[in-house]
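Report on the following structure.
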Amino acid sequence: MKGRELLAAGDPALPGVLVPDFEGPHRISEDHVGELQKHFTLITMKQFLENKTEFSQKIQAIYIWGGRPVIDLQLLGSLPCLKVIASPGAGLDHLDLPLIASYGVRVAHTPHAVSTPTADLGMALLLASARRVVEGCQLAISPDTVHFPINWLGQEVSGATLGIIGMGTIGYKIAQRAKAFEMKILYHNRNRRRLEEEAAVGAAYCARLEDLLQHSDFVMLAASLTPQTQGLIGRRELQLMKPSAVLVNVGRGLLVEQDALVEALQTGVIKAAALDVTYPEPLPRDHPLLKLKNIIVTPHIGSATHQARQQIVRDLVESILAALHGFPVPNEVLLK
């Protein structure tokens with residue numbers, strides 16, 4: 001090891017943790033490196049692949065960042081001392097949980113660290129789309145603008161109906177924010193919330209997704225991606241929505257059939273969409289979604305705040321240490 005890698009590796013006497021890299025587009029942040037170094041020896045994927053004999057027995061945990069390293073059969077089979085995989089965020093669709101469970105490895109994530117900023121962004125996208133903020137900015141700064149049109153209008157959010165699909169931690173925090181905007185709230189979830197939780201935000205449960213879609217002015221996707229939810233919003237579901245409705249997605253890109261969404265936005269089946277997630281990420285630069293005026297696309301920044309990133313590393317360090325010492329793991333994913 002040399003240069004930056006030597007600096008980042010930390011005390012070799014500490015437990016080894018496999019990380020993606022310290023350089024390049026998938027590098028973990030310097031703040032994370034500093035915090036991790038206090039407790040662990042950090043071994044990059046490149047270092048491991050170059051010297052498996054030295055590092056395979058050393059690595060006891062994997063710290064995922066940006067979906068890297070990819071957890072597959074080959075990697076798991078080459079780490080006999082692996083005890084825990086630490087993954088940021090709430091989503092687990094990038095992990096083969098049955099495979100990991102078969103190796104007796106535990107998994108921890110950070111759903112609470114990302115719930116508040118993601119809910120904030122969900123409301124930001126809803127408001128921006130309703131009031132056409134991005135279009136308005138472009139109009140205001142355009143060199144071709146001579147005057148502002150007085151009949152250039154958006155939609156009011158107050159009093160409108162918000163349908164939330166996925167009422168987990170993030171979905172519930174979105175409902176709390178929507179209540180402050182005096183919105184009527186419907187929700188569809190695999191499991192119904194307790195009556196007191198519904199009452200606290202004024203939410204009504206829709207057992208049928210169709211009922212939520214037909215009655216909502218805004219539809220917010222905050223569900224996890226599973227085989228059951230992939231393609232949850234397709235051509236049929238979009239046609240059930242109001243022509244004036246807006247679709248907001250802060251869950252995962254694959255929750256929506258994107259070809260159907262393009263068609264719906266082009267033909268006026270729905271009015272607009274605001275997406276923090278797509279598939280793939282980023283979209284190809286010639287993708288038709290990027291050419292539409294009635295869409296906002298952001299680069300998967302739901303949890304991208306300084307505060308959330310600091311909390312993520314604290315939570316994952318706590319989980320790794322607990323797993324290595326045989327203690328209960330905070331935010332452990334229960335593997336079947």
T41 side chain to L14 backbone, donor-acceptor under 3.5 Å: yes
Atom CZ of R190: over 12 foreign heavy atoms under 6.0 Å: no
Within 6.0 angstrom of K242 NZ, more than 12 heavy atoms from elsewhere: yes
Donor-acceptor contact present, side-chain T110 to main-chain G89, <3.5 Å: yes
I43 reachable from I85 in the ILVMFWY side-chain graph, under 4.5 Å edges: yes
Worked check of side chain to side chain contact (heavy atoms under 4.5 Å, CB included) between E210 and R236: CA-CA 10 Å; E210 292 83 355; R236 172 180 174 273; 3.0 Å; yes
Side chains of L75 and M45 in contact at under 4.5 Å (non-hydrogen atoms): yes
Greater than 12 external heavy atoms within 6.0 Å of E196's CD: yes
More than 12 heavy atoms of other groups within 6.0 Å of H287 NE2: yes
Distance, nearest 0.5 Å, that separates CH2 of W152 from CZ of R132: 4.5 Å
Closest contact, heavy atoms only, I28 versus P20: CG2-CD, 3.9 Å
Non-hydrogen side-chain atoms of L82 and Y103 separated by less than 4.5 Å: no
Heavy-atom neighbours of Q214 CD exceed 12 at 6.0 Å: yes
Intermediate values then yes/no, side chain to side chain contact (heavy atoms under 4.5 Å, CB included), I62 and L79: CA-CA 10 Å; I62 297 175; L79 298 174; 3.9 Å; yes
Side-chain donor/acceptor of T145 to backbone N/O of L139, under 3.5 Å: yes
L265 side chain near I270 side chain, heavy-atom distance below 4.5 Å: yes
Nearest heavy atoms of V157 and F218, plus distance in Å: CG2-CZ, 4.3 Å
Donor-acceptor under 3.5 Å (E281 side chain, T278 main chain): yes
Within one Ile-Leu-Val-Met-Phe-Trp-Tyr cluster: V313 and V19, side-chain cutoff 4.5 Å: yes
Heavy-atom pair of closest approach, residues S129 and A274: CB-CB, 4.2 Å
Test item: D217 side-chain N/O and A245 main-chain N/O as donor-acceptor pair under 3.5 Å: no
Residues, nucleotides or ligands: over 12 heavy atoms within 6.0 Å of Y205 OH: yes
V33 reachable from I312 in the ILVMFWY side-chain graph, under 4.5 Å edges: yes
E237 (side chain) donor-acceptor with G234 (main chain) under 3.5 angstrom: yes
Verdict with reasoning, R235 to E257, per salt bridge (Lys or Arg N to Asp or Glu O under 4.0 Å): CA-CA 8 Å; R235 182 170 286 102; E257 293 180 5; 5.3 Å; no
Transitive ILVMFWY side-chain link L290 to V262, under 4.5 Å: yes
Side chains of D31 and R309 in contact at under 4.5 Å (non-hydrogen atoms): no
Student check: side-chain heavy atoms of L76 and I71 closer than 4.5 Å: yes
Any L209 side-chain heavy atom under 4.5 Å of L240 side chain: no
N51 atom CG, neighbour heavy-atom count above 12 within 6.0 Å: yes
S224 side chain reached by R252 side chain, heavy atoms, under 4.5 Å: no
OH/Y279: more than 12 non-hydrogen atoms of other groups inside 6.0 Å: no
Residue pair V317 / L36, side-chain heavy-atom distance below 4.5 Å: yes
Any donor-acceptor N/O pair, D21 side chain to R27 backbone, under 3.5 Å: no
Test salt bridge (Lys or Arg N to Asp or Glu O under 4.0 Å) applied to E332 and R106, step by step: CA-CA 7 Å; E332 181 172 7; R106 304 166 85 170; 3.1 Å; yes
Under 3.5 Å donor-acceptor, D211 side chain and C206 backbone: no
Spacing of S78 atom OG and Q74 atom CD [to the nearest 0.5 Å]: 6.5 Å
Any donor-acceptor pair under 3.5 Å from S319 side chain to L316 backbone: no
Flag for R314-Q311: side-chain donor and acceptor within less than 3.5 Å: yes
Closest heavy-atom pair and its distance - I185, K179: CD1-N, 4.0 Å
hydrophobic_cluster_shared for V297 and M123, side chain cutoff 4.5 Å: no
Member of R131, M220, R177 meeting the side-chain contact (heavy atoms from CB on, under 4.5 Å) criterion with L126: M220
Within 45° cone and under 6.0 Å: R193 NZ/CZ vs Y172 ring: yes
T169/H112 under side chain to side chain contact (heavy atoms under 4.5 Å, CB included): CA gap, chis, key distance, verdict: CA-CA 7 Å; T169 305; H112 302 293; 4.2 Å; yes
Plane angle bin for H32 and W65 - parallel if under 30°, tilted between 30 and 60°, otherwise perpendicular: perpendicular
Reference residue L225; test side-chain contact (heavy atoms from CB on, under 4.5 Å); the match among L92, L232, L254, V277: L254
Residue of the set L261, V256, L125 for which side-chain contact (heavy atoms from CB on, under 4.5 Å) holds with L275: L261
Over all atoms of both residues, closest heavy-atom pair of L292 and Q266: CD2-CG, 3.7 Å
Closest non-hydrogen atom pair, K58 against P15: CE-C, 4.4 Å
F22/E30 under side chain to side chain contact (heavy atoms under 4.5 Å, CB included): CA gap, chis, key distance, verdict: CA-CA 8 Å; F22 303 129; E30 292 186 6; over 6 Å; no
